[in-house]
**Student:** 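Okay, handing you the structure first.
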Amino acid sequence: MKKIASILLAACVAAYSVEVSADEFTKEDAERWMEQFEQVAAEGRALWTSPELGTNGVACAQCHPNATNTHPETYPKFQKQMGRVVHMWEMINWCLRNPLEGADLAADDPKMVALQAYAYKERRGVELAPGKH
Amino acid sequence: MSNKILNTRRDFLRTTASGLVAGMLPVSLVRLASAQEGGPDFTFAYVSDAHIQHVKGSQFVRNWDRGLIRAVAEANLLEPKPDFVVFGGDLAQLGTKAELDHGAEILSALNYKTYAVLGEHDYYLDLGEYWSELYGDHYYSWDHKGAHFVTLNSILTYDDWTFNRWESAERRMNEMAGLDNPNGSPFMVGKKQMDWLKKDLAKVSKDTPVVVFSHSPLQKIYKGWNFWTEEAEDIQALLKPFNKVNVIYGHVHQIQYNQIGNIAFTSVMSTAWPWPYPESYAQAESHLPILTVPMNRADPFNERDATGWQFMNMHTGRVDLEFNLYDNTNRTVAFNEQKGHPEDTSYSDPTNRTPAQRHY
Ligand SMILES: [Fe+2]
Ligand SMILES: [Fe+2]
């Protein structure tokens, strides 16, 4: 019994040390990951300007050129019309349902992730201000 | 609906007469009280940027339809009657016959003579051909009660972009319709129209008040969204010799005003949707006129918020604007003779600003 426990302990230590080394990454890795982000943000821009996202041809960019006045840096925040603190994706769904007369997207829908990636990208450099109105 | 209109009328009368304290004075008394120096004294209404958008068949985007229908209904209730109405451009979203016809039908309910300005959304599908069938010349001038009015087509651009760049008319329209589209091209009036303007103004005496209607601002605010006219300086130079010049423009879907020399600039609101101020785009520099007290930030949960139309009072050669805002407090931007520029009559003092007028 004691022997098994010590083997298990050794295995845990080994696993731990493997994880530590997995946290090391190269400049090339970081560049590749940024490319991944840029690709998703570009898909987001395509969705943002697309008349196909909703059902009536209205695009996000019609009211929000360069994703302005979306203020991703202020979420989560209280939306008085929803009566609670929400994250940005819930507000995007409100827009999809109303001005775009379309359907909600799930929070983890790749399209929803892409829309937010684009909005965050256009707002890069602005200080976080959760809750701000 | 009828209650709403009555309330709006009451708001309108109250704010127009605010300088005279008594809330329910007829607008005509206000006009007489402000008439001096024998300049022209009359009123006109200004509706702009309806962006009527076709979905399919007989279906149009309801939201934008409602904005224009409401402006027309309210303008018809004005008392005293305005001398005429101007529609400031972007009647359609993608310039189709269906959209222009539907918009023109809504506008045709106006009880007044209507002058139309051409917007880029009306133009880049068929280069204004069908719009001309409805509204005539792309640029023109006329005289009214001692003032000279000029309507410009300020949404032209470089010939190469218009005639050689795109494989189809639909593609060209779509590329110009995206406000923030990097494939777009800066607005211009072009050499032919500049020559016409020069000739037209040569006939006008320098003390005649001049009013210019254009779709784009005849000043340079932010090129990235075409809040811009390429020949702004040249046009301003042509207007400079006149004592009193007023430029009214659409396209920006927000309140802006400015004074450059003798030229007072004022924008008008859209009946469809508001646009953010360019300063809210963190990645670019822009030049919002410093005189401007911004409109309220739009509440997205109210589809008519930060939209509206205008009622204009022309006296002593200057234009005062009443912004008739559907779901915000009305705003008045009047020409201040002492200061020599237009100013908001309620919010110019920074201590009077509201939190919603802060944009970031
Ligand atoms: Fe417009
Ligand atoms: Fe426009």
Side-chain angles (χ1 to χ4, degrees), chain A residues 41-42 44-52 54-75 77-84 86 88 90-102 118-129 132-133, chain B residues 49 51-56 59-65 90 93-94 96 99 121 174-175 177-184 222 224-227 252-254 270 272-284 286 294 297-307 355-356 358-360:
Chain A
R45 163 78 187 176
L47 292 165
W48 198 268
T49 53
S50 167
E52 312 288 330
T55 65
N56 60 2
V58 175
C60 304
Q62 247 169 276
C63 295
H64 301 281
N66 295 107
T68 44
N69 273 7
T70 57
H71 296 299
E73 80 281 10
T74 63
Y75 288 96
K77 71 177 170 197
F78 187 83
Q79 292 282 8
K80 66 180 175 188
Q81 303 80 355
M82 297 184 194
R84 62 195 164 84
V86 300
M88 188 180 186
E90 289 192 73
M91 189 56 211
I92 290 176
N93 271 338
W94 185 90
C95 283
L96 291 180
R97 286 194 304 275
N98 291 283
L100 273 66
E101 298 181 68
Y118 171 63
Y120 274 82
K121 190 193 164 185
E122 288 284 40
R123 200 61 178 160
R124 68 194 179 278
V126 176
E127 211 173 293
L128 282 177
K132 180 177 176 179
H133 271 276
Chain B
D49 292 86
H51 289 265
I52 297 303
Q53 188 169 356
H54 192 206
V55 182
K56 58 180 183 297
Q59 204 189 335
F60 292 83
V61 173
R62 190 194 56 85
N63 209 346
W64 317 147
D65 273 20
D90 286 351
Q93 171 65 11
L94 293 174
T96 62
E99 290 176 347
H121 289 261
N174 276 313
E175 295 287 352
L179 188 74
D180 63 0
N181 183 3
N183 295 334
Y222 178 48
W225 295 349
N226 249 333
F227 289 11
V252 295
H253 300 208
Q254 63 192 234
S270 160
W273 69 81
W275 262 328
Y277 284 93
E279 69 193 85
S280 63
Y281 185 36
Q283 312 304 331
S286 58
R297 265 154 47 199
D299 176 353
F301 290 84
N302 187 331
E303 67 183 21
R304 288 273 65 76
D305 197 26
T307 63
R358 184 175 44 87
H359 292 250
Y360 60 91

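Protein chains get the first letters and strands the later ones, always in sequence-line order, with residue 1 at the start of each.
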**Student:** Between chain A and each of Ala272(B), Ala177(B), Pro300(B), Gly178(B), count heavy-atom pairs under 4.5 Å; write down the option with the most.
**Tutor:** Pro300(B)

**Student:** Just checking, is any N or O donor in the side chain of Asp299(B) or Gln81(A) under 3.5 Å from an acceptor N or O on the other one?
**Tutor:** yes

**Student:** Which atom names give the shortest non-hydrogen contact between Glu122(A) and Ala282(B), and what distance separates them?
**Tutor:** O-CB, 4.4 Å

**Student:** Do the non-hydrogen side-chain atoms of Trp273(B) and Val58(A) ever get within less than 4.5 Å of each other?
**Tutor:** no

**Student:** Does any backbone or side-chain atom of Gln59(B) lie under 4.5 Å from a heavy atom of chain A? Answer side chain, backbone, both or neither.
**Tutor:** neither

**Student:** For Thr70(A), is it the side chain, the backbone, both, or neither that has a heavy atom closer than 4.5 Å to a heavy atom of chain B?
**Tutor:** neither

**Student:** Under a 4.5 Å cutoff for heavy-atom pairs, which residue among Trp225(B), Tyr277(B), Trp275(B) has the most contacts with chain A?
**Tutor:** Trp225(B)

**Student:** Quick one: of Gly224(B), Ser280(B), Pro278(B), Ala298(B), who has the most non-hydrogen atom pairs under 4.5 Å with chain A?
**Tutor:** Ser280(B)

**Student:** A side-chain contact here means heavy atoms from C-beta on lying under 4.5 Å apart; do Gln62(A) and His51(B) qualify?
**Tutor:** no

**Student:** What is the distance from atom CG of Asn98(A) to atom CD of Glu303(B), rounded to the nearest 0.5 Å?
**Tutor:** 8.0 Å

**Student:** Side chains of Phe301(B) and Lys80(A): does their closest heavy-atom pair fall under 4.5 Å?
**Tutor:** no

**Student:** Side-chain contact, heavy-atom cut-off 4.5 Å: Asp180(B) with Arg45(A)?
**Tutor:** yes

**Student:** Taking all non-hydrogen atoms of both residues into account, name the closest pair between Cys63(A) and Pro276(B) and its distance.
**Tutor:** O-CD, 3.5 Å

**Student:** Take Tyr360(B) and Val126(A) through the test side chain to side chain contact (heavy atoms under 4.5 Å, CB included) and record every step on the way to the result.
**Tutor:** CA-CA 10 Å; Tyr360(B) 60 91; Val126(A) 176; over 6 Å; no

**Student:** Measure Asn56(A) against the heavy atoms of chain B and call it side chain, backbone, both or neither at under 4.5 Å.
**Tutor:** both

**Student:** Is chain A contacted by the side chain of Gln53(B), its backbone, both, or neither, given a heavy-atom distance below 4.5 Å?
**Tutor:** side chain

**Student:** Look at Glu101(A), His64(A), Gln79(A), Arg124(A) and state which one has the largest set of heavy-atom pairs under 4.5 Å with chain B.
**Tutor:** Arg124(A)

**Student:** Output yes when a side-chain donor or acceptor of Gln283(B) lies under 3.5 Å from a complementary backbone atom of Gly125(A), and no otherwise.
**Tutor:** no

**Student:** Among Asn174(B), Val61(B), Asn63(B), who wins on heavy-atom pairs under 4.5 Å with chain A?
**Tutor:** Val61(B)

